[in-house]
Colleague: 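There's a structure below that I have some questions on.
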There are 2 protein chains.
Amino acid sequence: MKQAPANTRFAAVAVDIVIFTIIDDVLCVLLGIVDRPPHYQNIEACIGGLVEVNETTEAALHRHLQTKTTLQNLYIEQLYTFSEIERDKRNRVISVSYLGLVRQSEDVTSLPEGLRWCPVHELPKLAYDHSDMFAVAYSRLKGKLAYTTIAQFLLPKTFTLTELQRVYELITGAHIDKRNFRKKLLSLDVVKETGRMQEGMKNRPAALYTFKTTKLVELPLLT
Amino acid sequence: MKQAPANTRFAAVAVDIVIFTIIDDVLCVLLGIVDRPPHYQNIEACIGGLVEVNETTEAALHRHLQTKTTLQNLYIEQLYTFSEIERDKRNRVISVSYLGLVRQSEDVTSLPEGLRWCPVHELPKLAYDHSDMFAVAYSRLKGKLAYTTIAQFLLPKTFTLTELQRVYELITGAHIDKRNFRKKLLSLDVVKETGRMQEGMKNRPAALYTFKTTKLVELPLLT
DNA sequence: TAACTTCGTGCCGAGAGTACACTAACAAGT
DNA sequence: ACTTGTTAGTGTACTCTCGGCACGAAGTTA
């Protein structure tokens, strides 16, 4: 792991990413073990790393993601830039943080050693200011859920309406009426039927839908 | 003006702020002349400056604001971090940008030499990537107007309902019905009458209102 | 074929949103 | 003092969206 030089006139710049996914009906974030004595031992944090002088923060983020994980096809957006003096007790580091979402269908379960998916309701205290960072990310996720189609990045490309509804219920923590959810969703004209059905169910199979566009759309989906 | 050292392993970090105010019923942004040949001459930009190693970006922002302007009591929120390699053609600088709002009642018209308030609809091409930065700021302002009480930071502490409505009309560009606006606003319970009236009007004086709290409140004020 | 599970659909009442026009208060000019 | 000009301030009726609610349909298993 690289280390910021001690005596520059400026702070080093890092990137960190809070990655969410849904595993077995539980919202989880990606954590990695940090081993940097004396301040950070036996503690976890979001993954990230330093930004080199000749790369953008986005390029640095993708570089660290490729190096440290096998995740692909993430949705990524910039979150907030943290600059408290003591946020990293070892060096002066300003961190540009990102929010990441990865679909259930991607191969999220085969993580390298030292990484794990942690349910958001069992989150331990994190290293650096990553607990704050997580809070900002979770808040952003909840906010965007209400007025964008961001939920699409947590679902497989094709999904049932019940699965989509479940994403909303998981993240907001509120129960949603099935009929009202469908009425609202279909009126927004953002999803379409694929014509295919679920297979291998032990009950009535549901129709599979897909989003009309893979872009984020701004729409008031919840009130 | 300070300059980033040429041969560090890391980028320098700067802060820049897009400050809005309303002057004579026109939404304006604060611009300063940039004079850094050969790349940036006879061109304007938002104000900002470098971040020292031992200060937060917020501290650096306030320092540069104090040095370069006499503005006080600004509302400030972080906007976005720009890190394109060539965004500053002279040095490698990553910029943490901020959105600023200043009330009409503050002394906004006495600006130091080299600064001016520019109507947003007459904005010239700006130095660095500040045209992009402005676009992000304007978009954020419009967005937050709809679901927060952010308009309060563009008005004097006491104001008439017509003045408040005017802020919304100026920024969204849409006409709003006076009766519906008042009905909605008053139902939200965020403003209260002061009991005082406008003075020195050549027509019927309006009642003066004030926001119940000086904090930003999240509420859907427009649809 | 009976039991079980999830899918998929419609109506109705309440509240919010939208469109719309006139009288009231004040100042200035005659 | 009265007329004119300008902005303040207010209520109603219609429409539409939101939110609550229950049951038959389609498939699997025993």
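Proteins get letters first, then strands, A, B, ... in listed order; numbering begins at 1 in each. From a predicted model like this one, the values you see are computed outputs, not experimental measurements.
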Colleague: Mind jotting down which residue pairs meet the ring-ring contact (aromatic ring centres under 6.0 Å, His included) criterion with at least one end in residues 153-207 of chain A? Sequence neighbours excluded, please.
Modeller: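 Non-adjacent pairs meeting ring-ring contact (aromatic ring centres under 6.0 Å, His included): A/Y75-A/F153, A/F159-A/F211, A/Y168-A/F181.
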Colleague: Classify the side chain of B/K183 and the base of C/dT18 as holding, or not holding, a donor-acceptor pair under 3.5 Å.
Modeller: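 Checked by distance alone, the answer is yes.
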Colleague: For DNA chain C, what residues of residues 197-212 of chain B have any heavy atom nearer than 4.0 Å?
Modeller: B/M201, B/K202, B/N203, B/R204, B/P205
Colleague: Can you check side chain to side chain contact (heavy atoms under 4.5 Å, CB included) on A/T194 and A/Y209, steps first, answer last?
Modeller: CA-CA 5 Å; A/T194 61; A/Y209 285 77; 5.6 Å; no
Colleague: Rounded to whole Å, please give me the gap between CG in A/D177 and C1' in C/dC12.
Modeller: 14 Å
Colleague: Could you check how far NZ of B/K184 sits from P of D/dG9, rounded to whole Å?
Modeller: 20 Å
Colleague: For residues 140-148 of chain B, run the donor-acceptor check on the side chains, cut-off 3.5 Å, and write out each pair with its distance to 0.1 Å, sequence neighbours left out.
Modeller:
| unit_1 | atom_1 | unit_2 | atom_2 | d |
| --- | --- | --- | --- | --- |
| B/R140 | NH1 | B/E77 | OE2 | 2.6 |
| B/R140 | NH1 | B/Q78 | O | 3.2 |
| B/R140 | NH2 | B/L79 | O | 2.9 |
| B/K144 | NZ | B/E77 | OE1 | 3.0 |
| B/T148 | OG1 | B/K144 | O | 2.6 |
| B/T148 | OG1 | B/I150 | N | 3.1 |

Colleague: So B/F20 and B/C28, side chain to side chain contact (heavy atoms under 4.5 Å, CB included) or not? Walk me through it.
Modeller: CA-CA 6 Å; B/F20 291 90; B/C28 298; over 6 Å; no
Colleague: Classify the nucleic acid contact of B/T160 as base, sugar-phosphate or nothing, counting any heavy atom under 4.0 Å across all strands shown.
Modeller: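 It contacts nothing in the nucleic acid.
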Colleague: Side-chain donor or acceptor of B/R179 under 3.5 Å from a matching atom on the base of D/dA8?
Modeller: no
Colleague: Please confirm whether the shortest side-chain N or O distance from B/R182 to OP1 or OP2 of D/dG9 is below 4.0 Å.
Modeller: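 Answer yes for this pair, as a side-chain N or O of B/R182 is under 4.0 Å from OP1 or OP2.
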Colleague: What's the verdict on side-chain hydrogen bond (donor to acceptor under 3.5 Å, both in side chains) for A/S95 and A/D16, showing C-alpha distance, side-chain angles and the deciding distance?
Modeller: CA-CA 7 Å; A/S95 173; A/D16 290 296; 2.6 Å; yes
Colleague: Please report, rounded to the nearest Å, how far the C1' atom of D/dG20 is from the NE2 atom of A/H175.
Modeller: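 Value for this atom pair: 10 Å.
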Colleague: Separation of B/D25 atom CG from D/dT7 atom P, in whole Å?
Modeller: 12 Å
Colleague: Under 4.0 Å between any heavy atoms, over every strand shown, what does A/S187 touch: base, sugar-phosphate, or nothing? Just pick one.
Modeller: nothing
Colleague: Within this structure, what is the CG-to-P distance between A/L186 and C/dG8, rounded to whole angstrom?
Modeller: 10 Å
Colleague: Evaluate the criterion salt bridge (charged side-chain N to carboxylate O under 4.0 Å, His left out) for residue pair A/E169 and A/R166; output intermediate values, then yes/no.
Modeller: CA-CA 5 Å; A/E169 292 181 329; A/R166 193 70 194 119; 3.2 Å; yes
Colleague: So does B/R116 have more than 12 non-hydrogen atoms from other groups sitting under 6.0 Å from CZ?
Modeller: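 More than 12 heavy atoms, drawn from other residues, nucleotides or ligands, come within 6.0 Å of this atom.
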Colleague: Starting from P on D/dT17, measure out to CG on A/L188 and report it in whole angstrom.
Modeller: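 Nearest whole value for this atom pair: 11 Å.
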Colleague: Please report, rounded to the nearest Å, how far the P atom of D/dA8 is from the CD atom of B/E193.
Modeller: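 After rounding, the gap between these two atoms is 14 Å.
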Colleague: Over how many whole Å does the gap from B/N180 atom CG to D/dT15 atom P extend?
Modeller: 16 Å
